[in-house]
There are 4 protein chains.
Amino acid sequence: MPPLNEEQLDQLRDERREQIKYAALRVFACYGLCGTKMSMIACEAGVSQGLSYRYFKSKDELFVELIEEAMREALEAVKYVSEQPGTPTELMAMITEGMLEENNKYYFMLVQQARTSENMPERVKQIFEQYSNQAIIDQLVSIFIKGQDAGEFIAGDPQQLLFWYFALISGLMLQVQESDGYGLPNATFLMRVLLK
Amino acid sequence: MPPLNEEQLDQLRDERREQIKYAALRVFACYGLCGTKMSMIACEAGVSQGLSYRYFKSKDELFVELIEEAMREALEAVKYVSEQPGTPTELMAMITEGMLEENNKYYFMLVQQARTSENMPERVKQIFEQYSNQAIIDQLVSIFIKGQDAGEFIAGDPQQLLFWYFALISGLMLQVQESDGYGLPNATFLMRVLLK
Amino acid sequence: MPPLNEEQLDQLRDERREQIKYAALRVFACYGLCGTKMSMIACEAGVSQGLSYRYFKSKDELFVELIEEAMREALEAVKYVSEQPGTPTELMAMITEGMLEENNKYYFMLVQQARTSENMPERVKQIFEQYSNQAIIDQLVSIFIKGQDAGEFIAGDPQQLLFWYFALISGLMLQVQESDGYGLPNATFLMRVLLK
Amino acid sequence: MPPLNEEQLDQLRDERREQIKYAALRVFACYGLCGTKMSMIACEAGVSQGLSYRYFKSKDELFVELIEEAMREALEAVKYVSEQPGTPTELMAMITEGMLEENNKYYFMLVQQARTSENMPERVKQIFEQYSNQAIIDQLVSIFIKGQDAGEFIAGDPQQLLFWYFALISGLMLQVQESDGYGLPNATFLMRVLLK
DNA sequence: GATGAATGAGCTTTCATTCAT
DNA sequence: AATGAATGAAAGCTCATTCAT
């Protein structure tokens, strides 16, 4: 007779899994894949070293799962906003603000760690190909063109301008550490590069 | 009899040192400090594994020397420009263009690798404290204020705006990989965030 | 009120113990002591991982108990046969047939796994010393000598010949896997080495 | 300028490789694949733990290479003998004696370790399929049939009888440890099972 | 000076064993 | 009594660094 029923166990397992996963996010984001030791994750999560391997097959797999989640949620956020009412400028501002939110920071750092390292697991490269340029930017191209037509945005290839815009923001978020004391700028500042 | 005199030997030695150092730059830039194996550097430089240790005490020291060089040259470049004649906008454009130059890319990537990893040698942190915020930005504050006074630049804390500006550019340079096919924007695009 | 009395509980306990023990036999026989994980035994027995430790102190102890049983039963079988009536050849054939019986296979494999590995628990080595050469073979020496005197068996040191004979059979049983499709030979074939 | 020329280095490497390989043979033969720690091999070879990995990718690969060598040489030995002149009985005796030679012992033990364990690397299973039953036995079938026709060998399926014969010998070699004090029988004893 | 073989500390991963429920 | 989550010691493997040549 098991002490807990199946459902309770499942819930417990899910909680543990998340606990380890988000500890890993924080550590990977700061130290990168190869700079992170499994012991650091275990320590951050407050569990033993071995336990992580009951929930994730390997360090790489744990990293990949986080990358996948980051990209999936980024895409969903952009999709959601692009379906809202508002002028192109308003929508763009919403997306920009969403990106700048504090609790997105770890995900941005994680993705940056992955993008700036050559020796990533094959699966990470695949995910980037699948999501990065295509999907996310494509969601916004039509909005951007509307904004250009409305005279709100500067002229130029929408794909390219959007790519640069996200690169700027992603890069910015990484540079900005609490220690610098400058904090993140608001959306208005950043949008100046796009607005006429 | 020795085939080369002392001076020639010294020069040869220096060349070898540079050869290894710039191989290390390229590899560190792509893979980060802990993602780089000494064997990768030796391979890139076309020398044996052991040789690096005749010129650099350790992997960390080699990395530190590159970081130091990167920061020193960045500061000098900014200093040089700030002493040139021209309007604040023109000077700022010069600096921006200098940063975007292709052959600065590896240094930017290297510095970014160092800035986004927590587990850097103590010396790297010192160098960042010494150079980054203070020195480089301080060089430009007076120019920036002149620009604000002349109505060329937007209002706001010059230190903070310049910090963000450099963070944007640094981040952008890392995001942009040849593979993306978008290339780097020109200075005009970036300067929109600062210009009125 | 307890649904079962003391005696019934004891019986249940014994059954569980046997269930785990014979699952362990099948797994140890195929994978060896160190090739077997406790989880494999638990899985084969259809119980949870932790349960084995209520019945056996450790993996080693479980292995040792099986080895002990194997040797004890082998000795008893030989003893039993050696007390039966019949010519030496007939008795030897009975023993040989007994060894070749299918349901002895796992025990033979287990013992072979133990004999061909150096890193066995001390207790296993003791059991081998206690049983193997002395006891079992000694039971048969008198029969063998009778057979030699009767001109049925070949000449030679009875201890040595019997040792070789059992080694041959033990080895054979292990080599023969179902997958080979050859099956086991009958006693007549094997006894040719001993018979004149 | 390398201190040794290419040829000398190659030779040195080959020697080291063999040194590690044969140390591994002795240890694997006694302890099996999973009972052997890389540290045991390193110790037996008198080198450091890490060195083995310069010559062999992994523990498994080292094991596989030894198995492959064992099977290849066994096949070659049998091939060689089968091409010699002599009666079938004489040839069979040569093969038997070859198998019983002391310095084959480790290879036999190794192969036995592999055959009696289920959890072998996939490659080991392939090698066994490739060599074991087919190749080696097939070499001898024609000799055996000649022997049967000449009235030297007992009647029966040659494949099956040869398989059993080799199984007997292989098994025997494993059972026989120096500690037993009985030594190995000579070929004449073993061939009794086949001879009329 | 130059090479690359050799070392060993340290990291990833596994698994016997324990423990909360 | 039974479960399976949790632990941590130990094994496989990597790689910065040293050393013989």
Side-chain angles (χ1 to χ4, degrees), chain A residues 1-6 8-9 12-13 15-17 20 34-42 46-62, chain B residues 4 9 12-13 16 34-42 47-62, chain C residues 2 4 9 12-13 16 34 36-42 47-62, chain D residues 1-6 8-9 12-13 15-17 20 34-42 46-62:
Chain A
M1 172 179 55
L4 295 169
N5 64 37
E6 197 60 27
Q8 287 172 308
L9 267 177
L12 220 66
R13 268 196 293 262
E15 277 168 23
R16 263 287 188 269
R17 215 184 129 84
I20 292 168
C34 78
T36 295
K37 302 170 205 168
M38 286 303 273
S39 59
M40 293 158 79
I41 294 173
V47 300
S48 70
Q49 289 219 38
L51 193 61
S52 309
Y53 289 89
R54 278 184 75 81
Y55 295 96
F56 301 92
K57 257 215 285 284
S58 68
K59 187 165 98 157
D60 274 20
E61 198 188 273
L62 179 47
Chain B
L4 297 168
L9 271 174
L12 219 65
R13 215 185 128 72
R16 264 279 197 264
C34 78
T36 296
K37 304 171 201 172
M38 286 303 274
S39 60
M40 292 159 80
I41 294 173
V47 300
S48 72
Q49 287 223 39
L51 195 60
S52 309
Y53 287 88
R54 289 208 143 263
Y55 297 96
F56 301 92
K57 245 211 304 269
S58 69
K59 186 165 100 160
D60 275 18
E61 199 188 271
L62 179 46
Chain C
L4 297 169
L9 271 173
L12 219 66
R13 215 183 128 73
R16 265 278 197 263
C34 78
T36 296
K37 304 171 200 171
M38 285 305 273
S39 60
M40 292 159 80
I41 295 173
V47 300
S48 71
Q49 285 223 39
L51 193 60
S52 309
Y53 287 89
R54 290 208 143 262
Y55 296 97
F56 301 92
K57 242 208 310 266
S58 70
K59 187 164 97 158
D60 275 19
E61 198 187 270
L62 179 47
Chain D
M1 172 180 55
L4 295 170
N5 63 37
E6 196 62 26
Q8 285 172 308
L9 267 177
L12 222 65
R13 267 197 294 263
E15 277 169 25
R16 263 287 188 269
R17 216 184 128 84
I20 292 168
C34 78
T36 296
K37 303 171 204 167
M38 285 304 273
S39 60
M40 292 158 78
I41 294 173
V47 299
S48 71
Q49 289 219 37
L51 193 61
S52 310
Y53 290 91
R54 278 184 75 82
Y55 295 96
F56 300 93
K57 256 214 288 281
S58 68
K59 189 167 97 157
D60 274 21
E61 198 188 271
L62 179 46

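Chain identifiers are assigned alphabetically (A, B, ...) following the order of the sequence lines, protein sequences preceding nucleic acid strands; residue numbering begins at 1 within each chain.
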Looking only at side-chain atoms of B:Tyr53, point me to the closest of E:dT12, E:dT7, F:dT17. F:dT17
Whole angstroms only, please: what is the CE-P distance between B:Met38 and F:dT14? 19 Å
Output the rounded distance in Å from CZ (D:Phe56) to P (E:dA6). 12 Å
Residue met sooner reading DNA chain E from 5', once B:Gly50 and C:Gly50 are mapped to nucleotides: B:Gly50
Has the side chain of C:Lys57 got a donor or acceptor atom that lies under 3.5 Å from a matching backbone atom of C:Leu62? no
When the distance from NZ of C:Lys37 to P of E:dT17 is rounded to whole Å, what number comes out? 15 Å
What does C:Ser52 touch in the nucleic acid at a heavy-atom separation under 4.0 angstrom: a base, only the sugar-phosphate, or nothing? nothing
Output the rounded distance in Å from CZ (B:Arg13) to C1' (E:dG1). 9 Å
Out of E:dT7, E:dT17, F:dT17, minimum distance to the side chain of C:Ser58 belongs to E:dT17
Quick check: do C:Arg16 and C:Leu51 have side-chain heavy atoms less than 4.5 Å from each other? yes
Rounded to the nearest Å, what distance is computed from the CG atom of residue D:Leu9 to the P atom of nucleotide F:dA20? 16 Å
Rounded distance (nearest 0.5 Å) linking atom OG of D:Ser58 with atom CE of D:Met38: 7.5 Å
Side chain of C:Ser48 - closest among F:dT7, F:dA2, F:dT18: F:dA2
Indicate, with a heavy-atom threshold strictly under 4.0 Å, whether D:Tyr55 touches base, sugar-phosphate, or nothing. sugar-phosphate
Got a minute to check which stems DNA chain E is part of, using Watson-Crick or G-U wobble pairs under 3.5 Å, three or more consecutive? E:2-21 with F:2-21
Whole-Å distance, D:Leu12 CG to F:dA20 P, equals 14 Å
Would you indicate what D:Arg16 reaches in the nucleic acid, counting non-hydrogen atoms under 4.0 angstrom: base, sugar-phosphate, or nothing? sugar-phosphate
Are the side chains of C:Met40 and C:Lys37 in touch, meaning some heavy atoms are under 4.5 Å apart? yes
Check the distance between E:dT3's P and B:Leu51's CG and give it to me in whole angstrom. 6 Å
Separation of atom CZ in B:Arg54 from atom P in F:dA20, rounded to whole Å: 14 Å
Residue pair D:Tyr55 / D:Arg13: nearest heavy atoms and the distance that separates them: CE2-O, 3.6 Å
Closest to the B:Lys59 side chain, choosing from F:dC13, F:dA16, E:dT17: F:dA16
Ranking D:Val47 and C:Asp60 by the position along DNA chain E of their nearest nucleotide, the one closer to 5' is D:Val47
How long is the straight-line distance from OG of C:Ser39 back to CD of C:Gln49, given to the nearest 0.5 Å? 5.0 Å
